[in-house]
Structure formats: C-alpha cells, structure tokens
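Here is the structure we will look at.
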There are 2 protein chains.
Amino acid sequence: MTERPLPTKDRLIRTAAELFQRSGYHGVGLSELLAAADAPKGSLYHHFPNGKSDLAIAAATWASDGMLRMIAASFEPADSFMEGVETLCHKIAKLFDKSGRWDTCPISATLFEGPDNTSFRDHAYHLYKGWISEVTHHARRFGLPAPEETADTLFILLQGGWQLARARQSSDVLRALPGKLPAAKTD
Amino acid sequence: MTERPLPTKDRLIRTAAELFQRSGYHGVGLSELLAAADAPKGSLYHHFPNGKSDLAIAAATWASDGMLRMIAASFEPADSFMEGVETLCHKIAKLFDKSGRWDTCPISATLFEGPDNTSFRDHAYHLYKGWISEVTHHARRFGLPAPEETADTLFILLQGGWQLARARQSSDVLRALPGKLPAAKTD
DNA sequence: ACACGGCTAGACCGATTGGTCCAGTGAGGA
DNA sequence: TCCTCACTGGACCAATCGGTCTAGCCGTGT
C-alpha cells in the first residue's frame, strides 16, 4: 500500500490519512504508522518537528484537498446544480466502498478527536469551510436562490449520510442523498 | 461532577459516556476515567470483567437510551410529525449547547473508533436502528407517506447537523434542521 | 577530493497505557 | 456472633505510548 517510489514525507502523509480515518487520531500509534509507511522515526521528526500533531494536520489538509478536487470535478462539467450533486454523491459512494466502509470522514477522525488543542478544531472548521464555499460557488453559478443554505444542507447530508452508510455497511444511502436535497426542483 | 450518591457502577457508566464523547474511546485513559468517576480500578473490573471495552458498550447503551427517551418525549405529545421534529431538534440543540459544543455523538465516539472488534460496530448499528425505528413508528402513526425513508432522512440530518454545528460552534444549525426535511408539507 | 547538509536509521527514554491480583472492608443472613 | 460474599482500594506488571538524540549515509556544490 502507498507505493514505494513516493518521497518519505508524502508516504507519511498518505498513510497517516489512511490510518487516522480507520482508527482515529488516538487509535494509531507512531510505531504502527511508521511501519505502514516504511519510514524510520527520524524521518518523521525531520519532516514534522512537532511529531504526530503536525503530521495529523498535514494529513487532514491533504485529504481535504482531495475532497475539494472531487467537488470541483463533479460540478464543473455539470449542466445543472443537481447534476453536480448527483455526480458528487456517486463519487463519494464509490470512495466509501473502496475505503472498506468503516472509515470516518478524514477531517473529523483526525482533528476533532485529536488533542483538545484549539488549533486542531480551528483547522478542522477551516477545511470544512473550504468544502462548503466551493459548493456555494457552484450553487451561485447555477443561479440557485439560496446558495449558502443549499451548500450547508448538502454538507449536512453528506456527513450524516456517510455515518448512516457506515452503520448500515451500504453505500446506497449515499446514492439516495440527492433526492433529499430540497433544491431538487428541476430548473 | 456526576454526584457521589450514585452507585459506583452508574458513576462509571455516566462518566465514561461523558469522557468518551469528549475525547473518543482511545482518547481517554483508564486513570483519567477512574479519577473522574472517583472509583478504584478494582471496582471497574468487578463490574465490567472485560474492562474498558465492556464499559464502553454499557456507556454507549446508556447514552442511547437517553436519546430514545428524548425522541419519545418529543413525538408523543405532538399534534403532527413536524411538530415532533421541531421539538426534537430544539431539545438536541439545547443538549449541544450544554455539552460544551465539542462532543461527538456518543455512539460513534464510543463504538466506531473503538477496537476494530466487529461486535462494537454491530452494537453501534443496533443502537442506531433503535433510534430510527422509534422515529419510524411515530412517522407511521401520523400517516406519513414514506415513514422509513423520512426517519432515515431525519437521522442523517441530525448526524450531519451536529457535525456542522460542532465545527461552527453554533447550535443554530440544529434549530434550522426541520426546514430541511422534505416532509415539511403541512398536512 | 572534500565538506556540507538534508535525510535516514534506530537505540533509548520516562510516562502512561490497559490489565491482573489480592488483601481488606463492611453490610446482611444464619 | 460469626460467616459470607459483593465490593473496594491500590500495588504492581509488561507493553506501548510519543518524543529525543546521535551516528552515519549519500547526493550536491565547490
């Protein structure tokens, strides 16, 4: 997993993201993480002087960037807002199935349950805001009446949907999400 | 906190629920937990032979029962389904504010991030099913056209809404939830 | 050819983890 | 009165935690 040719720093970030999503910040030990990334302790503390917490923030940011790209890739080629929503939900459903269906949202897994450090929580909200404002942008572009509120609702549906999908072990929940968005009016 | 007259076992369950919600299963050490509950280690392993994991399941079940009562108390005196939803969302918003606005859903905090034990995940879904079927029952009672689907959606909105509320540090998200439920038709 | 510095490798550290074990303790029944 | 047993209190344990530190590898610039 997470192939070898990548530079050590990137390998650390990717495996950290992966493991934190699976077991949460406190649920992953450095030894397990370093073994999975095939990196020695020295490298970790070279690239991330503050150790685990620095790495966690980097991992969450990296995962968030991926999500941001997924949102953009769903809405940009779409002919309507709802078409973008549909594409996004299907992409996320696929991601869910690929993840083994037990992972948590990368940001909440990594940052909300981290040390009670305020900066962790602030960063989490910062990343979430990025997702929401990206959706808001597209909602506005398609002339939706209440772009901010619609973006909020989509975010809520995705977060809650992911949770229920995880409990049910089925991505069907995620695929059914578009029908629950009030803006499903077909203009 | 969690006053003294309660029997030790109950004190353990309550403080476990509280702490797990704040920091997650792996984020709370036994020493911290026992200190908060003012109980010695011997008592923990007397009441819960399997230690932390047994306690976690008991704590999640206890928290879930409280939620179940809150759902019932919201819908039973209501004159319509939407009135019940409104009441429930406001109750939860209050709970959110009282919790310090950083806690996680007690079940996902306790069970989803616990040991990768399957029984943990199964129990989590079992508890969630309890919530959803309670809502389904009331939806059917009020003659809603699609009771199961409506209950699912309410669950999704509550889970996602809680998450966004936590990020934003504001319970307004939760209070606005009823308006996002498609069944908001006023019959 | 040599020195420099980014990076790796892993031994080592004290603190804390979850868990075990047993000697009390004290209320209730015989 | 004494026995019993559910319960408490805490010493103790190996394992693991996150983190520090230093020795050396190796590519690059001069």
Side-chain angles (χ1 to χ4, degrees), chain A residues 2-20 22-60 109-117 119-120 123, chain B residues 2-60 109-117 119-120:
Chain A
T2 353
E3 326 80 37
R4 203 55 172 75
L6 275 170
T8 307
K9 188 174 184 179
D10 294 328
R11 250 182 304 131
L12 283 169
I13 291 179
R14 281 166 156 78
T15 59
E18 191 178 327
L19 294 186
F20 286 153
R22 193 164 48 68
S23 308
Y25 180 82
H26 295 289
V28 184
L30 284 193
S31 57
E32 180 189 358
L33 203 160
L34 292 170
D38 191 27
K41 217 165 235 189
S43 302
L44 170 65
Y45 283 91
H46 173 77
H47 294 293
F48 305 96
N50 287 331
K52 201 186 187 186
S53 52
D54 268 12
L55 177 57
I57 288 188
T110 308
L111 297 182
F112 274 139
E113 302 310 341
D116 45 11
N117 194 337
S119 72
F120 261 54
H123 192 65
Chain B
T2 352
E3 326 79 36
R4 202 55 172 73
L6 276 169
T8 306
K9 189 175 182 178
D10 294 327
R11 249 181 305 131
L12 282 170
I13 291 179
R14 282 166 155 79
T15 58
E18 191 179 325
L19 293 185
F20 286 153
Q21 282 172 55
R22 194 164 48 69
S23 310
Y25 181 81
H26 294 290
V28 184
L30 283 193
S31 57
E32 179 189 0
L33 202 160
L34 292 169
D38 192 28
K41 217 165 232 187
S43 303
L44 169 65
Y45 283 90
H46 172 75
H47 294 292
F48 305 96
N50 287 331
K52 201 187 186 185
S53 53
D54 268 11
L55 177 58
I57 288 187
T110 308
L111 298 182
F112 275 139
E113 302 312 342
D116 45 12
N117 193 339
S119 71
F120 262 53

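Reminder, nothing fancy here: chain letters follow the sequence lines and each chain counts from 1.
When distances run from any side-chain atom of B:Leu30 to the nucleotides C:dA9, D:dG9, C:dG18, the shortest one goes to C:dG18. Comparing D:dT8, C:dG19, C:dA9 against the side chain of B:Ser43 picks out D:dT8 as the nearest. The side chain of A:Ser31 approaches D:dC17 more closely than any other nucleotide in the set D:dT8, C:dA9, D:dC17.
Non-hydrogen atoms lying under 4.0 Å from DNA chain C are contributed by nothing in residues 51-59 of chain A.
Map A:Glu32 and B:His47 each onto its nearest nucleotide of DNA chain D; the residue landing nearer the 5' end is B:His47.
Here the closest heavy-atom approach between residue A:Pro40 and residue A:Leu34 is recorded as O-CD2, 3.9 Å. Listed here is the closest heavy atom pair of B:Ala109 and B:Gln21: CB-CA, 4.1 Å. For the residue pair A:Ala56 and A:Leu111, the shortest heavy atom distance occurs at O-CD2, 4.5 Å. When all heavy atoms of B:Ala36 and B:Thr15 are compared, the pair lying nearest together is O-CG2, 4.0 Å.
Atom-to-atom, CZ of A:Phe48 to P of C:dG6 comes out at 17 Å; the value is rounded to the nearest Å. Regarding A:Lys9, its NZ atom lies at a distance of 12 Å from the C1' atom of C:dC7, rounded to whole Å. With rounding to whole Å, A:Tyr45 atom OH is found 17 Å from C:dA11 atom P. The interatomic distance linking A:His26 (NE2) with D:dG18 (P) rounds to 10 Å, in whole Å. Between A:His46 atom NE2 and C:dC7 atom C1' there is a gap of 5 Å when expressed in whole angstrom units. With rounding to whole Å, B:Leu34 atom CG is found 11 Å from C:dG19 atom P. Between B:Tyr25 atom OH and C:dT17 atom C1' the separation is 12 Å, expressed in whole Å. We find that CG of B:Leu44 is positioned 18 Å from P of C:dC22, with the value rounded to whole Å.
For a distance-only test at 3.5 Å, the side chain of B:Lys41 fails to qualify as a donor-acceptor partner of the base of D:dG9.
A cation-pi arrangement is absent between B:Lys52 and B:Tyr45 under the rule of less than 6.0 angstrom and at most 45 degrees off the ring axis.
Using a 4.5 Å cut-off on side-chain heavy atoms (C-beta onward), B:Phe48 and B:Ile13 make contact.
Nucleic acid contact for A:Gly42: base, since at least one base atom lies under 4.0 Å from a heavy atom of the residue.
Using cut-offs of 30° and 60° for the angle between ring planes, the A:Phe120 and A:Tyr25 rings count as perpendicular.
Proximity of A:Thr8 to the phosphate of C:dT8: a side-chain N or O atom is located under 4.0 Å from OP1 or OP2.
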